[in-house]
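Structure first, commentary second.
Atoms within each ligand, like the ligands themselves, are counted from 1 in listed order. Residues take their numbers from the sequence shown, with the count starting at 1.
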Amino acid sequence: MSDVKNLAPATLTLDGKTHELPVVEGTERERGVDISGLLRDAGAVTLDPGYGNTGSCLSDITYIDGNKGILRYRGYPIEELAEKCYFVEVAYLLIKGNLPDRAELERWRGLLTEHSMIHEDMRNFFRGFPERAHPMAILSAMVVSLSTFYPELLGEGPEAVEITAARLISKVRTIAAYSCKKAIGEPYVYPRHGLRYCANFLHMMFDSPCADYQPDPVVVKALEKFLILHADHEQNCSTSTVRLVGSSEANLYASISAGVCALWGKLHGGANQAVIEMLEQIHATGGDVEMVVRRAKDKDDPYRLFGFGHRVYKTYDPRARIAKQMSQDVMGRLGIHDPLLDIALQLEKIALEDDYFVSRNLYPNVDFYTGITLRAMGIPTKMYPVMFAIGRLPGWIAQYLEMRNDPARKIGRPRQIYVGPTERHLPPIDEREPAAAAT
Ligand code: SDX
(Lines give C-alpha, C1' and ligand atoms only; values in the text may rest on other atoms or scores of the structure.)
Protein backbone atom coordinates (compact mmCIF):
# COMPACT_ATOMS: atom_id res chain seq x y z
CA MET A 1 0.00 0.00 0.00
CA SER A 2 1.39 3.44 -0.96
CA ASP A 3 2.06 5.75 1.94
CA VAL A 4 -0.78 6.77 4.19
CA LYS A 5 -0.20 9.51 6.76
CA ASN A 6 -1.53 9.72 10.34
CA LEU A 7 -2.92 13.16 11.23
CA ALA A 8 -3.97 14.58 14.59
CA PRO A 9 -6.89 12.48 15.93
CA ALA A 10 -10.51 13.54 15.83
CA THR A 11 -12.49 13.60 19.06
CA LEU A 12 -16.01 12.33 19.66
CA THR A 13 -17.94 13.05 22.79
CA LEU A 14 -20.67 10.51 23.59
CA ASP A 15 -22.50 10.02 26.89
CA GLY A 16 -20.23 12.66 28.38
CA LYS A 17 -17.09 10.68 27.46
CA THR A 18 -14.58 11.97 24.89
CA HIS A 19 -12.99 9.45 22.54
CA GLU A 20 -10.01 10.04 20.24
CA LEU A 21 -10.41 8.64 16.73
CA PRO A 22 -7.34 8.23 14.52
CA VAL A 23 -7.38 10.23 11.26
CA VAL A 24 -5.51 9.04 8.15
CA GLU A 25 -4.65 10.98 5.00
CA GLY A 26 -4.04 9.42 1.59
CA THR A 27 -1.65 10.47 -1.17
CA GLU A 28 -4.29 12.82 -2.67
CA ARG A 29 -4.96 14.40 0.74
CA GLU A 30 -8.30 12.61 1.27
CA ARG A 31 -8.89 12.20 4.98
CA GLY A 32 -10.58 9.32 6.78
CA VAL A 33 -11.70 9.06 10.41
CA ASP A 34 -10.80 5.53 11.52
CA ILE A 35 -13.81 4.21 13.49
CA SER A 36 -12.61 0.60 13.69
CA GLY A 37 -12.48 0.85 17.51
CA LEU A 38 -15.69 2.84 17.96
CA LEU A 39 -18.04 0.04 19.08
CA ARG A 40 -15.41 -1.34 21.49
CA ASP A 41 -14.48 2.06 22.98
CA ALA A 42 -17.72 4.07 22.76
CA GLY A 43 -20.41 1.35 22.55
CA ALA A 44 -21.90 2.81 19.36
CA VAL A 45 -21.76 2.17 15.61
CA THR A 46 -22.01 4.75 12.81
CA LEU A 47 -25.07 4.92 10.58
CA ASP A 48 -24.58 5.66 6.86
CA PRO A 49 -27.25 4.09 4.60
CA GLY A 50 -25.80 3.77 1.08
CA TYR A 51 -22.29 4.27 2.46
CA GLY A 52 -22.06 7.79 0.98
CA ASN A 53 -19.77 8.89 3.81
CA THR A 54 -17.98 5.61 4.45
CA GLY A 55 -14.56 4.55 3.22
CA SER A 56 -14.42 0.74 3.04
CA CYS A 57 -10.69 0.35 2.45
CA LEU A 58 -7.32 1.87 1.62
CA SER A 59 -6.65 1.38 -2.08
CA ASP A 60 -3.93 2.39 -4.54
CA ILE A 61 -5.76 1.38 -7.73
CA THR A 62 -8.04 4.26 -8.80
CA TYR A 63 -8.39 7.88 -7.74
CA ILE A 64 -11.47 10.02 -8.36
CA ASP A 65 -11.90 13.72 -7.54
CA GLY A 66 -15.67 14.18 -7.87
CA ASN A 67 -15.52 17.96 -7.66
CA LYS A 68 -12.78 18.45 -10.26
CA GLY A 69 -13.86 15.59 -12.54
CA ILE A 70 -10.56 13.74 -12.19
CA LEU A 71 -10.20 9.96 -12.81
CA ARG A 72 -6.81 8.19 -12.74
CA TYR A 73 -5.94 4.49 -12.87
CA ARG A 74 -2.73 3.84 -10.88
CA GLY A 75 -1.96 7.60 -11.24
CA TYR A 76 -2.46 7.82 -15.02
CA PRO A 77 -5.23 10.24 -16.19
CA ILE A 78 -8.16 8.54 -17.95
CA GLU A 79 -7.80 10.97 -20.88
CA GLU A 80 -4.25 9.75 -21.64
CA LEU A 81 -5.08 6.07 -21.18
CA ALA A 82 -8.18 6.28 -23.40
CA GLU A 83 -6.28 8.10 -26.14
CA LYS A 84 -2.98 6.20 -26.18
CA CYS A 85 -3.48 2.68 -24.78
CA TYR A 86 -4.95 -0.65 -25.74
CA PHE A 87 -7.57 -2.02 -23.35
CA VAL A 88 -5.38 -5.04 -22.53
CA GLU A 89 -2.55 -2.65 -21.52
CA VAL A 90 -4.89 -0.90 -19.09
CA ALA A 91 -6.13 -4.26 -17.78
CA TYR A 92 -2.51 -5.21 -17.08
CA LEU A 93 -1.89 -1.82 -15.41
CA LEU A 94 -4.87 -2.21 -13.07
CA ILE A 95 -4.05 -5.80 -12.10
CA LYS A 96 -0.23 -5.58 -11.90
CA GLY A 97 0.13 -1.92 -10.80
CA ASN A 98 2.29 -0.79 -13.73
CA LEU A 99 2.03 -0.57 -17.51
CA PRO A 100 3.63 -3.58 -19.28
CA ASP A 101 6.81 -3.20 -21.30
CA ARG A 102 6.81 -4.63 -24.80
CA ALA A 103 7.80 -8.16 -23.72
CA GLU A 104 5.25 -8.22 -20.88
CA LEU A 105 2.52 -6.96 -23.21
CA GLU A 106 3.27 -9.67 -25.77
CA ARG A 107 3.24 -12.35 -23.05
CA TRP A 108 -0.05 -10.96 -21.67
CA ARG A 109 -1.54 -10.92 -25.18
CA GLY A 110 -0.41 -14.52 -25.64
CA LEU A 111 -2.21 -15.57 -22.44
CA LEU A 112 -5.41 -13.82 -23.51
CA THR A 113 -5.25 -15.56 -26.89
CA GLU A 114 -4.50 -18.93 -25.31
CA HIS A 115 -7.54 -18.70 -23.03
CA SER A 116 -10.05 -17.23 -25.50
CA MET A 117 -12.16 -20.34 -26.08
CA ILE A 118 -14.68 -21.71 -23.61
CA HIS A 119 -15.00 -25.45 -22.95
CA GLU A 120 -17.26 -27.07 -25.55
CA ASP A 121 -19.47 -28.38 -22.73
CA MET A 122 -20.12 -24.76 -21.70
CA ARG A 123 -21.57 -24.06 -25.12
CA ASN A 124 -24.32 -26.53 -24.25
CA PHE A 125 -25.38 -24.26 -21.37
CA PHE A 126 -26.55 -21.68 -23.92
CA ARG A 127 -29.15 -24.14 -25.24
CA GLY A 128 -30.84 -24.12 -21.84
CA PHE A 129 -31.48 -20.38 -21.81
CA PRO A 130 -34.67 -19.00 -23.43
CA GLU A 131 -34.02 -16.82 -26.51
CA ARG A 132 -35.18 -13.73 -24.64
CA ALA A 133 -32.77 -14.36 -21.73
CA HIS A 134 -31.01 -11.13 -20.74
CA PRO A 135 -27.29 -11.50 -21.50
CA MET A 136 -26.37 -10.27 -18.00
CA ALA A 137 -28.19 -13.30 -16.52
CA ILE A 138 -26.25 -15.55 -18.90
CA LEU A 139 -22.96 -13.80 -18.13
CA SER A 140 -23.32 -14.12 -14.36
CA ALA A 141 -24.30 -17.81 -14.64
CA MET A 142 -21.47 -18.62 -17.06
CA VAL A 143 -18.82 -16.80 -15.01
CA VAL A 144 -19.57 -18.73 -11.83
CA SER A 145 -19.74 -21.93 -13.94
CA LEU A 146 -16.14 -21.30 -15.04
CA SER A 147 -15.17 -22.27 -11.48
CA THR A 148 -16.39 -25.83 -12.19
CA PHE A 149 -14.11 -26.11 -15.24
CA TYR A 150 -11.06 -24.58 -13.54
CA PRO A 151 -11.24 -25.87 -9.95
CA GLU A 152 -7.66 -24.75 -9.33
CA LEU A 153 -9.20 -21.25 -9.29
CA LEU A 154 -6.76 -18.83 -7.67
CA GLY A 155 -3.68 -20.96 -7.27
CA GLU A 156 -0.73 -19.69 -5.23
CA GLY A 157 1.75 -17.28 -6.71
CA PRO A 158 1.61 -14.46 -9.26
CA GLU A 159 1.70 -16.76 -12.30
CA ALA A 160 -1.48 -18.65 -11.26
CA VAL A 161 -3.22 -15.33 -10.60
CA GLU A 162 -2.12 -13.98 -13.98
CA ILE A 163 -3.50 -17.04 -15.78
CA THR A 164 -6.81 -16.87 -13.88
CA ALA A 165 -7.12 -13.16 -14.67
CA ALA A 166 -6.32 -13.76 -18.35
CA ARG A 167 -8.76 -16.66 -18.44
CA LEU A 168 -11.59 -14.51 -17.07
CA ILE A 169 -10.85 -11.41 -19.18
CA SER A 170 -10.62 -13.49 -22.35
CA LYS A 171 -13.50 -15.90 -21.78
CA VAL A 172 -15.96 -13.22 -20.61
CA ARG A 173 -15.55 -11.64 -24.05
CA THR A 174 -16.33 -15.00 -25.73
CA ILE A 175 -19.31 -15.67 -23.45
CA ALA A 176 -20.69 -12.20 -24.24
CA ALA A 177 -20.42 -12.72 -27.99
CA TYR A 178 -22.01 -16.17 -27.73
CA SER A 179 -24.92 -14.75 -25.69
CA CYS A 180 -25.50 -12.22 -28.47
CA LYS A 181 -25.45 -14.91 -31.18
CA LYS A 182 -27.86 -16.95 -29.04
CA ALA A 183 -30.29 -14.02 -28.87
CA ILE A 184 -30.34 -13.58 -32.66
CA GLY A 185 -30.35 -17.30 -33.43
CA GLU A 186 -27.07 -17.30 -35.34
CA PRO A 187 -24.31 -19.91 -34.98
CA TYR A 188 -21.53 -19.15 -32.48
CA VAL A 189 -18.30 -17.83 -33.97
CA TYR A 190 -15.04 -19.10 -32.47
CA PRO A 191 -12.31 -16.63 -31.49
CA ARG A 192 -9.41 -16.31 -33.95
CA HIS A 193 -5.83 -16.51 -32.67
CA GLY A 194 -4.68 -13.99 -35.26
CA LEU A 195 -6.92 -11.22 -33.93
CA ARG A 196 -6.22 -8.94 -30.94
CA TYR A 197 -8.69 -8.56 -28.08
CA CYS A 198 -11.18 -6.00 -29.45
CA ALA A 199 -11.03 -7.12 -33.09
CA ASN A 200 -11.58 -10.72 -31.91
CA PHE A 201 -14.69 -9.69 -29.96
CA LEU A 202 -16.13 -7.89 -32.98
CA HIS A 203 -15.28 -10.94 -35.13
CA MET A 204 -17.21 -13.22 -32.74
CA MET A 205 -20.11 -10.76 -32.62
CA PHE A 206 -20.54 -10.03 -36.31
CA ASP A 207 -18.91 -12.76 -38.39
CA SER A 208 -21.29 -15.36 -39.84
CA PRO A 209 -21.15 -18.41 -42.11
CA CYS A 210 -22.73 -16.31 -44.85
CA ALA A 211 -20.36 -13.36 -44.88
CA ASP A 212 -16.89 -12.69 -43.51
CA TYR A 213 -16.77 -9.71 -41.16
CA GLN A 214 -13.74 -7.42 -41.35
CA PRO A 215 -13.51 -5.30 -38.16
CA ASP A 216 -13.43 -1.59 -39.12
CA PRO A 217 -10.38 0.06 -37.50
CA VAL A 218 -12.60 2.98 -36.42
CA VAL A 219 -14.89 0.59 -34.57
CA VAL A 220 -11.95 -1.33 -33.05
CA LYS A 221 -10.42 1.90 -31.70
CA ALA A 222 -13.79 3.01 -30.33
CA LEU A 223 -14.21 -0.33 -28.55
CA GLU A 224 -10.71 -0.03 -27.05
CA LYS A 225 -11.65 3.41 -25.72
CA PHE A 226 -15.10 2.26 -24.51
CA LEU A 227 -13.60 -0.61 -22.49
CA ILE A 228 -10.84 1.59 -21.02
CA LEU A 229 -13.42 4.14 -19.84
CA HIS A 230 -15.18 1.37 -17.88
CA ALA A 231 -12.13 -0.48 -16.54
CA ASP A 232 -12.34 0.64 -12.90
CA HIS A 233 -14.01 3.24 -10.71
CA GLU A 234 -12.87 2.67 -7.10
CA GLN A 235 -15.51 1.43 -4.62
CA ASN A 236 -18.73 1.60 -6.71
CA CYS A 237 -21.66 -0.73 -6.05
CA SER A 238 -20.46 -3.71 -8.11
CA THR A 239 -16.82 -3.41 -7.05
CA SER A 240 -17.88 -3.26 -3.40
CA THR A 241 -19.98 -6.37 -4.09
CA VAL A 242 -16.93 -8.19 -5.50
CA ARG A 243 -14.89 -7.18 -2.44
CA LEU A 244 -17.61 -8.15 0.04
CA VAL A 245 -18.24 -11.55 -1.54
CA GLY A 246 -14.49 -12.17 -1.85
CA SER A 247 -13.94 -11.20 1.79
CA SER A 248 -15.64 -14.48 2.80
CA GLU A 249 -12.89 -16.25 0.79
CA ALA A 250 -15.33 -17.04 -2.03
CA ASN A 251 -13.28 -17.65 -5.17
CA LEU A 252 -12.68 -15.02 -7.85
CA TYR A 253 -15.23 -16.47 -10.28
CA ALA A 254 -18.01 -16.42 -7.65
CA SER A 255 -17.10 -12.87 -6.60
CA ILE A 256 -17.06 -11.59 -10.20
CA SER A 257 -20.39 -13.32 -10.89
CA ALA A 258 -21.90 -11.40 -7.96
CA GLY A 259 -20.38 -8.17 -9.32
CA VAL A 260 -22.08 -8.81 -12.68
CA CYS A 261 -25.44 -9.02 -10.91
CA ALA A 262 -24.86 -5.80 -8.99
CA LEU A 263 -23.80 -4.00 -12.19
CA TRP A 264 -27.01 -5.08 -13.94
CA GLY A 265 -29.20 -2.65 -11.95
CA LYS A 266 -30.55 0.43 -13.83
CA LEU A 267 -29.07 2.74 -11.22
CA HIS A 268 -25.62 1.30 -12.01
CA GLY A 269 -24.30 -0.40 -15.16
CA GLY A 270 -27.80 -1.15 -16.45
CA ALA A 271 -28.21 2.61 -16.98
CA ASN A 272 -26.53 2.54 -20.40
CA GLN A 273 -29.34 0.29 -21.67
CA ALA A 274 -31.95 2.45 -19.87
CA VAL A 275 -30.53 5.61 -21.50
CA ILE A 276 -31.01 4.26 -25.03
CA GLU A 277 -34.50 2.99 -24.16
CA MET A 278 -35.27 6.48 -22.79
CA LEU A 279 -33.93 8.18 -25.95
CA GLU A 280 -35.82 5.72 -28.18
CA GLN A 281 -39.02 6.48 -26.29
CA ILE A 282 -38.49 10.23 -26.74
CA HIS A 283 -37.82 9.66 -30.45
CA ALA A 284 -40.89 7.45 -30.82
CA THR A 285 -43.13 10.09 -29.19
CA GLY A 286 -42.03 12.85 -31.53
CA GLY A 287 -38.94 14.03 -29.66
CA ASP A 288 -40.70 15.49 -26.61
CA VAL A 289 -37.60 15.97 -24.46
CA GLU A 290 -39.41 18.31 -22.07
CA MET A 291 -41.74 15.45 -20.99
CA VAL A 292 -38.81 13.37 -19.79
CA VAL A 293 -37.32 16.36 -17.94
CA ARG A 294 -40.67 17.09 -16.30
CA ARG A 295 -41.00 13.48 -15.11
CA ALA A 296 -37.42 13.41 -13.83
CA LYS A 297 -38.10 16.56 -11.77
CA ASP A 298 -41.46 15.40 -10.41
CA LYS A 299 -40.97 14.27 -6.81
CA ASP A 300 -44.10 12.12 -7.09
CA ASP A 301 -42.70 10.30 -10.12
CA PRO A 302 -39.97 7.70 -9.47
CA TYR A 303 -38.70 8.28 -13.03
CA ARG A 304 -35.04 9.25 -13.27
CA LEU A 305 -33.11 10.90 -16.09
CA PHE A 306 -30.92 7.89 -16.89
CA GLY A 307 -27.31 8.70 -17.59
CA PHE A 308 -27.47 11.76 -15.31
CA GLY A 309 -26.19 12.17 -11.75
CA HIS A 310 -23.49 10.41 -9.80
CA ARG A 311 -22.72 9.62 -6.17
CA VAL A 312 -19.16 10.95 -6.51
CA TYR A 313 -19.00 13.27 -9.53
CA LYS A 314 -20.61 16.63 -8.75
CA THR A 315 -19.41 17.93 -12.11
CA TYR A 316 -19.16 16.49 -15.61
CA ASP A 317 -18.01 12.84 -15.46
CA PRO A 318 -14.68 12.90 -17.36
CA ARG A 319 -15.67 9.63 -19.02
CA ALA A 320 -18.90 11.19 -20.32
CA ARG A 321 -16.89 13.98 -21.92
CA ILE A 322 -14.71 11.43 -23.74
CA ALA A 323 -17.74 9.24 -24.62
CA LYS A 324 -19.62 12.24 -26.05
CA GLN A 325 -16.74 13.11 -28.37
CA MET A 326 -16.24 9.41 -29.21
CA SER A 327 -19.88 8.98 -30.28
CA GLN A 328 -19.65 11.98 -32.60
CA ASP A 329 -16.26 10.83 -34.02
CA VAL A 330 -17.42 7.26 -34.67
CA MET A 331 -20.61 8.34 -36.40
CA GLY A 332 -18.73 10.90 -38.46
CA ARG A 333 -16.13 8.30 -39.55
CA LEU A 334 -18.80 5.71 -40.31
CA GLY A 335 -21.07 8.21 -42.04
CA ILE A 336 -23.93 7.44 -39.64
CA HIS A 337 -26.54 9.93 -38.43
CA ASP A 338 -28.39 8.71 -35.35
CA PRO A 339 -31.32 10.92 -34.25
CA LEU A 340 -30.79 9.62 -30.72
CA LEU A 341 -27.53 11.57 -30.53
CA ASP A 342 -29.36 14.78 -31.43
CA ILE A 343 -31.92 14.01 -28.71
CA ALA A 344 -29.16 13.28 -26.18
CA LEU A 345 -27.39 16.56 -26.99
CA GLN A 346 -30.69 18.45 -26.67
CA LEU A 347 -31.52 16.68 -23.39
CA GLU A 348 -28.09 17.52 -21.96
CA LYS A 349 -28.45 21.19 -22.97
CA ILE A 350 -31.92 21.51 -21.40
CA ALA A 351 -30.92 19.71 -18.18
CA LEU A 352 -27.73 21.73 -17.71
CA GLU A 353 -29.74 24.95 -18.02
CA ASP A 354 -32.41 23.75 -15.54
CA ASP A 355 -32.01 24.70 -11.90
CA TYR A 356 -33.32 21.31 -10.70
CA PHE A 357 -30.29 19.56 -12.20
CA VAL A 358 -27.78 22.38 -11.68
CA SER A 359 -28.71 22.84 -8.00
CA ARG A 360 -28.25 19.09 -7.43
CA ASN A 361 -25.00 18.90 -9.42
CA LEU A 362 -26.55 16.43 -11.83
CA TYR A 363 -24.39 16.06 -14.95
CA PRO A 364 -24.08 13.40 -17.63
CA ASN A 365 -22.32 10.29 -16.31
CA VAL A 366 -20.45 7.54 -18.14
CA ASP A 367 -23.71 5.91 -19.28
CA PHE A 368 -25.26 8.91 -21.05
CA TYR A 369 -23.36 8.77 -24.36
CA THR A 370 -21.73 5.33 -24.39
CA GLY A 371 -24.86 3.59 -25.66
CA ILE A 372 -24.88 5.87 -28.73
CA THR A 373 -21.43 4.57 -29.70
CA LEU A 374 -22.43 0.95 -29.11
CA ARG A 375 -25.45 1.52 -31.37
CA ALA A 376 -23.15 2.87 -34.07
CA MET A 377 -21.11 -0.33 -33.73
CA GLY A 378 -24.28 -2.37 -34.34
CA ILE A 379 -24.34 -3.90 -30.84
CA PRO A 380 -27.87 -4.74 -29.57
CA THR A 381 -29.19 -2.62 -26.66
CA LYS A 382 -29.55 -5.51 -24.20
CA MET A 383 -25.81 -6.12 -24.57
CA TYR A 384 -24.82 -2.70 -23.23
CA PRO A 385 -24.53 -3.68 -19.51
CA VAL A 386 -22.51 -6.72 -20.69
CA MET A 387 -20.14 -4.37 -22.55
CA PHE A 388 -19.79 -2.41 -19.31
CA ALA A 389 -18.96 -5.68 -17.48
CA ILE A 390 -16.31 -6.66 -20.05
CA GLY A 391 -14.66 -3.28 -19.47
CA ARG A 392 -14.99 -3.38 -15.67
CA LEU A 393 -13.64 -6.91 -15.30
CA PRO A 394 -9.94 -5.99 -14.87
CA GLY A 395 -10.91 -3.44 -12.22
CA TRP A 396 -12.95 -6.02 -10.33
CA ILE A 397 -10.05 -8.47 -10.49
CA ALA A 398 -7.55 -5.84 -9.30
CA GLN A 399 -9.80 -4.80 -6.42
CA TYR A 400 -10.45 -8.45 -5.43
CA LEU A 401 -6.71 -9.17 -5.41
CA GLU A 402 -5.96 -6.01 -3.39
CA MET A 403 -8.53 -7.10 -0.83
CA ARG A 404 -7.30 -10.73 -0.70
CA ASN A 405 -3.64 -9.64 -0.42
CA ASP A 406 -4.34 -7.21 2.43
CA PRO A 407 -2.80 -8.77 5.60
CA ALA A 408 -5.38 -6.88 7.68
CA ARG A 409 -8.25 -8.35 5.61
CA LYS A 410 -11.42 -9.31 7.51
CA ILE A 411 -14.76 -10.66 6.33
CA GLY A 412 -17.10 -7.77 5.57
CA ARG A 413 -19.96 -7.66 8.06
CA PRO A 414 -21.72 -4.29 8.54
CA ARG A 415 -23.81 -3.65 11.67
CA GLN A 416 -27.30 -2.03 11.98
CA ILE A 417 -29.53 -0.12 14.37
CA TYR A 418 -32.51 -2.33 15.24
CA VAL A 419 -35.84 -0.46 15.31
CA GLY A 420 -38.25 -3.43 15.36
CA PRO A 421 -40.49 -4.79 18.16
CA THR A 422 -38.93 -5.22 21.58
CA GLU A 423 -39.28 -8.63 23.27
CA ARG A 424 -42.76 -10.15 23.14
CA HIS A 425 -44.16 -13.66 23.64
CA LEU A 426 -46.05 -16.03 21.34
CA PRO A 427 -49.92 -15.68 21.52
CA PRO A 428 -51.97 -18.83 20.88
CA ILE A 429 -53.06 -18.90 17.24
CA ASP A 430 -56.71 -18.13 18.07
CA GLU A 431 -55.67 -14.97 19.94
CA ARG A 432 -53.65 -13.55 17.05
CA GLU A 433 -54.92 -10.59 15.02
CA PRO A 434 -54.67 -10.95 11.22
CA ALA A 435 -51.04 -10.39 10.18
CA ALA A 436 -52.10 -7.92 7.44
CA ALA A 437 -53.89 -5.74 10.02
CA ALA A 438 -50.73 -5.67 12.14
CA THR A 439 -48.46 -4.17 9.41
C1 SDX B 1 -22.71 4.22 -12.73
O2 SDX B 1 -20.57 4.69 -8.30
C3 SDX B 1 -19.98 4.64 -9.46
O4 SDX B 1 -18.82 4.96 -9.63
C5 SDX B 1 -20.86 4.10 -10.57
C6 SDX B 1 -20.29 4.18 -11.98
C7 SDX B 1 -19.09 3.25 -12.17
O8 SDX B 1 -18.27 3.52 -13.08
O9 SDX B 1 -19.05 2.19 -11.49
O10 SDX B 1 -19.90 5.51 -12.25
C11 SDX B 1 -21.32 3.75 -13.02
O12 SDX B 1 -23.44 3.51 -12.09
C13 SDX B 1 -23.12 5.59 -13.18
C14 SDX B 1 -24.57 5.97 -12.72
C15 SDX B 1 -25.59 5.33 -13.68
N16 SDX B 1 -26.93 5.49 -13.15
C17 SDX B 1 -27.82 6.33 -13.72
O18 SDX B 1 -27.57 7.07 -14.68
C19 SDX B 1 -29.21 6.30 -13.08
C20 SDX B 1 -29.73 7.73 -12.89
N21 SDX B 1 -28.92 8.36 -11.80
C22 SDX B 1 -29.47 8.33 -10.49
O23 SDX B 1 -30.32 7.30 -10.16
C24 SDX B 1 -28.49 8.81 -9.40
O25 SDX B 1 -27.93 9.96 -9.84
C26 SDX B 1 -27.39 7.85 -8.94
C27 SDX B 1 -27.92 6.53 -8.53
C28 SDX B 1 -26.37 7.67 -10.00
C29 SDX B 1 -26.69 8.51 -7.73
O30 SDX B 1 -27.65 8.59 -6.73
P31 SDX B 1 -27.32 9.22 -5.30
O32 SDX B 1 -25.90 9.62 -5.20
O33 SDX B 1 -27.85 8.30 -4.26
O34 SDX B 1 -28.13 10.58 -5.34
P35 SDX B 1 -29.57 10.75 -4.77
O36 SDX B 1 -30.46 9.65 -5.27
O37 SDX B 1 -29.47 10.98 -3.30
O38 SDX B 1 -30.04 12.12 -5.51
C39 SDX B 1 -29.83 13.39 -4.91
C40 SDX B 1 -30.96 14.26 -5.49
C41 SDX B 1 -32.36 13.66 -5.23
O42 SDX B 1 -33.28 14.74 -5.27
P43 SDX B 1 -33.68 15.43 -3.82
O44 SDX B 1 -34.02 14.35 -2.86
O45 SDX B 1 -32.46 16.25 -3.42
O46 SDX B 1 -34.89 16.32 -4.18
O47 SDX B 1 -30.83 14.30 -6.93
C48 SDX B 1 -31.97 13.70 -7.53
C49 SDX B 1 -32.62 12.84 -6.47
O50 SDX B 1 -34.02 12.69 -6.73
N51 SDX B 1 -31.46 12.89 -8.65
C52 SDX B 1 -32.08 12.76 -9.83
C53 SDX B 1 -31.23 11.97 -10.61
N54 SDX B 1 -30.14 11.63 -9.90
C55 SDX B 1 -30.30 12.21 -8.67
N56 SDX B 1 -33.26 13.26 -10.28
C57 SDX B 1 -33.58 12.92 -11.57
N58 SDX B 1 -32.81 12.16 -12.39
C59 SDX B 1 -31.64 11.67 -11.94
N60 SDX B 1 -30.87 10.92 -12.75
- Should you measure from each heavy atom of Arg311, which atoms of ligand 1 turn up under 4.0 Å away? 29 (C), 31 (P), 32 (O), 33 (O)
- Task: Please determine which of Ile61, Ile397, Leu94, Ile95 meets the side chain to side chain contact (heavy atoms under 4.5 Å, CB included) test together with Glu402.
- Result: Ile61
- Test item: Lys5 side-chain N/O and Val24 main-chain N/O as donor-acceptor pair under 3.5 Å: no
- Message: Which residue is it: Lys349, Arg294, Glu348, Gln346? I am looking for the one with a side chain to side chain contact (heavy atoms under 4.5 Å, CB included) to Val289.
- Response: Gln346
- Is atom 34 (O) of ligand 1 less than 4.0 angstrom from some protein heavy atom? no
- Query: After noting the C-alpha distance and the side-chain angles of Ser257 and Ser140, does the key distance pass the side-chain hydrogen bond (donor to acceptor under 3.5 Å, both in side chains) rule?
  - Reply: CA-CA 5 Å; Ser257 176; Ser140 179; 2.8 Å; yes
- At what distance is the nearest protein heavy atom to atom 6 (C) of ligand 1, and which residue and atom is it? His310 NE2, 3.7 Å
- Gly307 neighbourhood, listing ligand 1 atoms whose heavy-atom distance to it stays under 4.0 Å: 17 (C), 18 (O)
- Note on the structure: For Ala271, the atoms of ligand 1 under 4.0 Å from one of its heavy atoms are 15 (C), 16 (N), 17 (C), 18 (O)
- Query: Would a 4.0 Å cut-off, counted as strictly less than, catch a protein heavy atom around atom 28 (C) of ligand 1?
  - Reply: yes
- Which of the numbered atoms in ligand 1 are below 4.0 angstrom from a heavy atom of Gly309? 25 (O), 28 (C)
- Is there a nitrogen or oxygen of Leu362 sitting under 3.5 Å from a nitrogen or oxygen of ligand 1? no
- Message: Using a strict threshold of under 4.0 Å (side-chain N to carboxylate O), is an ion pair present between Glu79 and Arg321?
- Response: no
- Query: In terms of side-chain heavy atoms, does Gln273 have a donor or acceptor partner in Glu277 at a distance below 3.5 Å?
  - Reply: yes
- Out of Ile64, Val366, Asp367, Leu71, which residue meets the side chain to side chain contact (heavy atoms under 4.5 Å, CB included) rule with Asp317? Val366
- Query: Would the Tyr313 and Tyr363 ring centres measure less than 6.0 Å apart?
  - Reply: no
- Close approach, His230 and ligand 1, non-hydrogen under 4.0 angstrom: no
- Message: Looking at ligand 1, is there an atom of it that comes within less than 4.0 Å of some heavy atom belonging to Tyr356?
- Response: yes
- Can you pull out the closest protein heavy atom to atom 50 (O) of ligand 1? Residue, atom name and distance to 0.1 Å, please. Arg304 NH2, 3.3 Å
- Which of the numbered atoms in ligand 1 are below 4.0 angstrom from a heavy atom of Lys299? 42 (O), 43 (P), 44 (O), 46 (O), 50 (O)
